[in-house]
Amino acid sequence: MVEVSRGTLAALDRASGKLASAALASMDEQFAWFGRMPADQRASVQLIAQTGAAGFTAYLRDQREAIQLTAEAFRQAPRDLSRWISLRQTVELVRVAVHVIEQEVPALAANEEERRALTEAVLRYGREVAFTSAMSYASAAETRGAWDARLEASVVDAIVRGDAEESLLSRAAALGWDLDEPATVLVGNSPSDDPPTVLYEVRSRAARANRPVLLGVQGSRLVVVLAGETDDPKVLTKMSASFGDGPVVAGPTVANIADAHRSSAEALSGLRAVVAWPAAPRPVRSHDLLPERALAGDPEAEWQLIDQIARPLEKAGGALLETVETYLEAGGVLETCARVLFVHPNTVRYRLRKATEITGHNANLPRDALVLRIALAVGRLSRSRGLW
């Protein structure tokens, strides 16, 4: 232990408040981000600085006890601070505080020998405090990370189950999710049995796309909730690379996370049915799997096929619906369809173009022809049961 006079120790005690204020002023001057911190977080930093400055005097008296007191101060504050500043920024703040103490403390020494002893003690104390702050930050971040992971998993589970909106929104808000942001649910196989590996893979790709995500691993299945619009297909393509082998299905993009259960339900329905379309792209939208989902018994898919295809074709007139049905039955042969209907081939072409405008599906394309055929079949079945 460094031997210093009682008078010097008393002077150090009296100067602790001044040292803390000088440290905060120096932090404000050197780091623009420090000035942008909320007032309560700055107050936490000030408390740590005051404890650290006072702890130096205690360090001179009893090194072991002083470090324990300083560690306790760091353990109390970083639980909140770790949400605002990184470990690197924490170490920078400690460096500035120690530098201020190193500049101010030697002037309080009674003589040259004591000044050298205090300078050496400051350096040793700074190393101890830096190590303590790093350990405390890591512990707080680990605790917060584990809590966030459990909360995030519960939010994803709630979305999959379709839980009550109020509880879902409160938990999502606690994770910092923008409740007004559009959301899209993607489902597929997990890339690994190791949760931290999955977490890193998904979050790193989301960070490169500048998109917030929520994720949950449910057995071998990975569920990802992606924030933001998905008009650009590259966004979903990039995120699908974080899934394991096999198909990846993306549900519809909904207005906000309160409606994410609908995106989840359709994505999971698509994942169950995608096996019926071996050539499906990766990722594939749940909407593009409506025929397979209807065949698998999804009533929502059946209703969408009726609402988007069968009903609009019927409303457009019997001739248009009859032309599409006849063309499909003729195997897509224009002349055969025209002969059956007793019309000119150009009339068939015109009606098919109108049908494409109404439904968004071109009967000349094999995949679209399948969608139209299934939609019309579902419509007839639904009408026979009196559901339409």
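Since we're looking at a predicted model, the values are computed, not measured.
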Do you know which two heavy atoms are closest between Ala267 and Gly251, and how far apart they sit?
-> CB-N, 3.6 Å

Do Pro252 and Glu266 have side chains that get closer than 4.5 Å, going by heavy atoms?
-> yes

Do you reckon Val371 sits in the same ILVMFWY cluster as Val378, going by side-chain contacts under 4.5 Å, direct or chained?
-> yes

Residue that, paired with Leu215, satisfies side chain to side chain contact (heavy atoms under 4.5 Å, CB included) out of Leu199, Val223, Leu186 | Leu199

Is a side-chain N or O of Ser263 found less than 3.5 angstrom from the main chain of Val185, in a donor-acceptor match?
-> yes

Does Glu322 offer a backbone N or O that forms a donor-acceptor pair with the side chain of Thr326 under 3.5 Å?
-> yes

Phe243 side chain reached by Val202 side chain, heavy atoms, under 4.5 Å | no

List the atom of His261, the atom of Gly162, and the distance in Å for their closest heavy-atom pair.
-> CB-CA, 3.8 Å

Ser26 side-chain N/O to Ala23 backbone N/O, donor-acceptor pair under 3.5 Å = no

Report yes or no: do Leu352 and Val340 belong to one cluster of Ile/Leu/Val/Met/Phe/Trp/Tyr joined by side chain heavy-atom distances under 4.5 Å?
-> no

Side-chain touch Val198/Asp193, heavy atoms, less than 4.5 angstrom | no

Apply side chain to side chain contact (heavy atoms under 4.5 Å, CB included) to the pair Thr8 and Leu118, showing each step before the final yes or no.
-> CA-CA 10 Å; Thr8 300; Leu118 287 177; 4.0 Å; yes

Return the minimal non-hydrogen interatomic distance between Val213 and Ala206, and the atom names on each side.
-> CG1-CB, 3.5 Å

Gln308 and Thr359 side chains, donor-acceptor separation under 3.5 Å | no

Stepwise side chain to side chain contact (heavy atoms under 4.5 Å, CB included) check, Lys238 with Arg205 | CA-CA 7 Å; Lys238 290 177 181 177; Arg205 292 189 181 278; 5.7 Å; no

Do the side chains of Val249 and Val217 join up, straight or via other hydrophobic residues, at under 4.5 Å, putting them in one cluster?
-> no

Side chain of Glu114, backbone of Ala110: donor and acceptor closer than 3.5 Å?
-> yes

Inspect the surroundings of CD in Gln218 and state if more than 12 heavy atoms from other residues, nucleotides or ligands are less than 6.0 Å away.
-> yes

Taking atom CD of Gln103 as the centre, does the number of heavy atoms from other residues, nucleotides or ligands within less than 6.0 Å exceed 12?
-> yes

For residues Arg285 and Thr230, is any side-chain donor paired with an opposing acceptor at under 3.5 Å?
-> yes

So does Asn210 have more than 12 non-hydrogen atoms from other groups sitting under 6.0 Å from CG?
-> no

For the pair Glu112 and Arg115, evaluate salt bridge (Lys or Arg N to Asp or Glu O under 4.0 Å) and give the outcome as yes or no after the intermediate values.
-> CA-CA 5 Å; Glu112 187 62 31; Arg115 185 175 294 107; 2.6 Å; yes

Would a hydrophobic clustering, with Ile, Leu, Val, Met, Phe, Trp and Tyr connected at side-chain separations under 4.5 Å, put Leu370 with Val324?
-> yes

If only atom types and distance count, is the side chain of Arg171 paired as donor or acceptor with the main-chain N or O of Glu152 below 3.5 Å?
-> no

Side chain to side chain contact (heavy atoms under 4.5 Å, CB included) evaluation trace for Leu321 with Leu376 | CA-CA 9 Å; Leu321 176 60; Leu376 295 176; 3.6 Å; yes

Do Arg211 and Val235 have side chains that get closer than 4.5 Å, going by heavy atoms?
-> yes

Less than 4.5 Å apart, any side-chain heavy atom of Glu181 and any of Ile257?
-> no

Arg208 atom CZ, over 12 foreign heavy atoms within 6.0 Å | yes

Would you check if there is a donor-acceptor pair between the side chains of Glu201 and Thr197 at a distance under 3.5 Å?
-> no

Pair Arg373-Glu329, salt bridge (Lys or Arg N to Asp or Glu O under 4.0 Å): steps then yes or no | CA-CA 9 Å; Arg373 185 181 288 274; Glu329 289 299 324; 3.2 Å; yes

Is there side-chain contact between Val96 and Gln30, with at least one heavy-atom pair below 4.5 Å?
-> yes

When you check the side-chain N and O atoms of Ser240 and Thr237, is any donor under 3.5 Å from an acceptor?
-> no

Ser382 side chain to Glu302 side chain, donor-acceptor N/O pair below 3.5 angstrom = no

Any side-chain donor-acceptor pair under 3.5 Å between Ser269 and Asp298?
-> yes

Heavy-atom pair of closest approach, residues Ala363 and Leu328 | CB-CD2, 4.4 Å

For the atom pair CD1 (Ile306) and CG (Leu381), what is the distance rounded to the nearest 0.5 Å?
-> 9.0 Å

Euclidean distance, Arg293 CZ relative to Asp288 CG, rounded to 0.5 Å = 10.5 Å

From Arg383 CZ over to Glu314 CD, what is the distance, rounded to the nearest 0.5 angstrom?
-> 4.5 Å

Distance-only, no hydrogens or angles: does the Tyr327 side chain make a donor-acceptor pair with backbone N or O of Cys337 under 3.5 Å?
-> no

Hey, quick one: are Leu222 and Val225 part of the same hydrophobic cluster, counting side-chain heavy atoms closer than 4.5 Å, chains of contacts allowed?
-> no

In sequence, state the C-alpha distance, the side-chain angles, and the governing distance for Val248 and Val187, and then conclude on side chain to side chain contact (heavy atoms under 4.5 Å, CB included).
-> CA-CA 6 Å; Val248 176; Val187 295; over 6 Å; no

Would you please test Arg351 and Glu357 for salt bridge (Lys or Arg N to Asp or Glu O under 4.0 Å) and show each step?
-> CA-CA 10 Å; Arg351 291 176 181 176; Glu357 293 173 3; over 6 Å; no

Gap separating the CG atom of Leu168 from the CZ atom of Arg161, nearest 0.5 angstrom = 10.0 Å

CG/Asn256 to CG/Asp180 distance, rounded to the nearest 0.5 angstrom?
-> 6.5 Å

Are any of the side-chain heavy atoms of Gln304 and Glu300 separated by less than 4.5 Å?
-> yes

Spacing of CG belonging to Asp259 relative to OG1 belonging to Thr253, to within rounding of 0.5 Å | 12.0 Å

Side-chain heavy atoms of Ile309 within contact of Ile358, under 4.5 Å | no

